[in-house]
Amino acid sequence: MTDEGTAKTKSHGRVAISASLKPRELMADSTRLAGAWTARIVTLFPEAFPGTLGLSLTGKALAEGLWALETIDLRPFGIGKHRNVDDNPAGGGAGMVLRADVVGAALAEATIGTPPDRAKWPVIYLSPRGRPLTQDMARSYAKADGMTLLCGRFEGVDQRVLDHFGVEEVSIGDFVLTGGEIAAQVLIDATVRLIPRVLGNQSSTEEESFSHGLLEHPHYTRPTEWEGRAIPELLQSGHHAKIADWRRTTAERLTKERRPDLWRAYCAAHNRDPNEDQEL
């Protein structure tokens, strides 16, 4: 074991075994591949993890060490006998705000062993005022060594600590949650699934919604007919070129109908008129 508050990694070939951060590393009994992408999560509720991240393909990849998950409990950094982590907002108002000194101490611990280059290790605060999460952002995060995620609570976090650590704010949508834990799981899931070998068939990510700037085309499978609804005849023809054209055209039509913003961006990127092809 390392001294309290440190996390040095011993490498044994392709597998790395790392000592736990304090608070303990989640999944501490499992090994990880050397250099595996790692998520460090600063949260008041470490028991919320891995949550859905421990299921299905992301859970299997976590158990196999293709990526790693660590939690840093915010409460032990609290102030006084009761380990207070929040206080009244300056200037008055409802609710409470997470203290800069408390969050700062936790983020300082989270930096141990991480590269200073934020392109290699982003530090992110999940916030509705942040930059909206996109597939391009998830791809960028997947190429990093890992990331630190700060899960807010109450009315938010003292702005000074966000400024001091150069924290990036990211939003998963125009709505408000009771805390950042669910949002953190969303961001991690969107990122981890892009790491090689996590999904098994990596080519499947190349045909998903947003991968080419469009929403995804509809999918069908057996039975051929269900409740009077049949699979489009073309998809059963075996004519791969025509099927590919149908999928592209359908994806364009759906994007134009449901996400005009994406459609305009797609047309701009491909030097097309967004008002063309009225019958899409």
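Bear in mind the structure is a predicted one, so any value in this text is a computation, not a measurement.
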Minimum-distance pair of heavy atoms, taken over all atoms of Glu216 and His219: OE2-NE2, 2.8 Å
Within-4.5 Å side-chain heavy-atom neighbours: Gln135 and Leu194: yes
Donor-acceptor contact below 3.5 Å, side chain Arg83 vs main chain Pro76: yes
Check: Arg40 side chain, Ala110 main-chain N or O, donor-acceptor pair, under 3.5 Å: yes
Heavy-atom closest contact (Pro115 atom, Lys120 atom, distance): CG-CB, 3.8 Å
Thr43 OG1 to Glu181 CD distance, which is reported to the nearest 0.5 Å: 3.5 Å
Distance, nearest 0.5 Å, that separates CZ of Phe77 from CG of Leu98: 13.5 Å
Hydrophobic cluster membership, Leu107 vs Val97, 4.5 Å side-chain cutoff: no
Side chains of Thr191 and Trp37 in contact at under 4.5 Å (non-hydrogen atoms): yes
Partners passing side-chain hydrogen bond (donor to acceptor under 3.5 Å, both in side chains) against Thr38 (at least two apart in sequence or in another chain): Arg32
Residue pair Arg253, Thr249: steps toward the side-chain contact (heavy atoms from CB on, under 4.5 Å) verdict: CA-CA 6 Å; Arg253 176 176 55 79; Thr249 301; 5.6 Å; no
Shortest non-hydrogen contact from Ser171 toward Gly130: CB-O, 3.6 Å
Stepwise side-chain contact (heavy atoms from CB on, under 4.5 Å) test for Tyr141 and Leu133: CA-CA 11 Å; Tyr141 295 146; Leu133 177 64; 4.3 Å; yes
side-chain contact (heavy atoms from CB on, under 4.5 Å) between Val157 and Val167, intermediate numbers included: CA-CA 11 Å; Val157 178; Val167 177; over 6 Å; no
Shared hydrophobic cluster, Ile243 / Leu254 (ILVMFWY, side-chain heavy atoms < 4.5 Å): no
Common cluster, Ile124/Leu177, ILVMFWY with side-chain heavy-atom separation under 4.5 Å: yes
In one Ile/Leu/Val/Met/Phe/Trp/Tyr side-chain cluster, 4.5 Å: Ile79, Val85: yes
Gap separating the CD atom of Glu169 from the CG atom of Leu162, nearest 0.5 angstrom: 5.5 Å
Trp67 side chain vs Ala39 backbone, donor-acceptor pair below 3.5 Å: no
Charged N-O contact under 4.0 Å between Arg139 and Asp136: yes
Closest non-hydrogen atom pair between Ile231 and Leu235, with its separation: CG2-CB, 4.1 Å
Note, Leu55 side chain near Lys60 side chain (heavy atom, < 4.5 Å): no
Side-chain ion pair, Arg248 and Glu252, N-O less than 4.0 Å: yes
Closest non-hydrogen atom pair, Pro89 against Gly95: CD-O, 3.2 Å
Side-chain touch Thr52/Asp189, heavy atoms, less than 4.5 angstrom: no
More than 12 heavy atoms from other groups under 6.0 Å of CG on Asp174: no
Residues Val123, Glu168; criterion side-chain contact (heavy atoms from CB on, under 4.5 Å); working and verdict: CA-CA 6 Å; Val123 179; Glu168 175 185 356; over 6 Å; no
Residues Arg75, Asp73: salt bridge by 4.0 Å N-O rule: no
Distance, nearest 0.5 Å, that separates CG of Asp163 from CG of Asp158: 9.0 Å
Side-chain donor/acceptor of Arg118 to backbone N/O of Gly166, under 3.5 Å: yes
Results of ring pair (Phe, Tyr, Trp, His ring centres under 6.0 Å) for Tyr266 - residues two or more places apart only: Trp263, His270
Heavy-atom pair of closest approach, residues Pro46 and Thr71: CB-OG1, 3.6 Å
Leu66 CG to Arg197 CZ distance, which is reported to the nearest 0.5 Å: 5.0 Å
Residues, nucleotides or ligands: over 12 heavy atoms within 6.0 Å of Glu225 CD: yes
Arg193 side chain near Leu57 side chain, heavy-atom distance below 4.5 Å: no
ILVMFWY network linking Met137 to Ile182, side-chain heavy atoms under 4.5 angstrom: yes
Exam field: side chain Gln185 to backbone Ala48, donor-acceptor pair closer than 3.5 Å: yes
Given Leu187, Ile41, Val186, Leu150, the one that forms side-chain contact (heavy atoms from CB on, under 4.5 Å) with Leu126: Leu187
Separation between CZ of Phe154 and CG of Leu44, rounded to the nearest 0.5 Å: 5.5 Å
Backbone of Leu215 reached by a side-chain donor or acceptor of Thr255 within 3.5 Å: yes
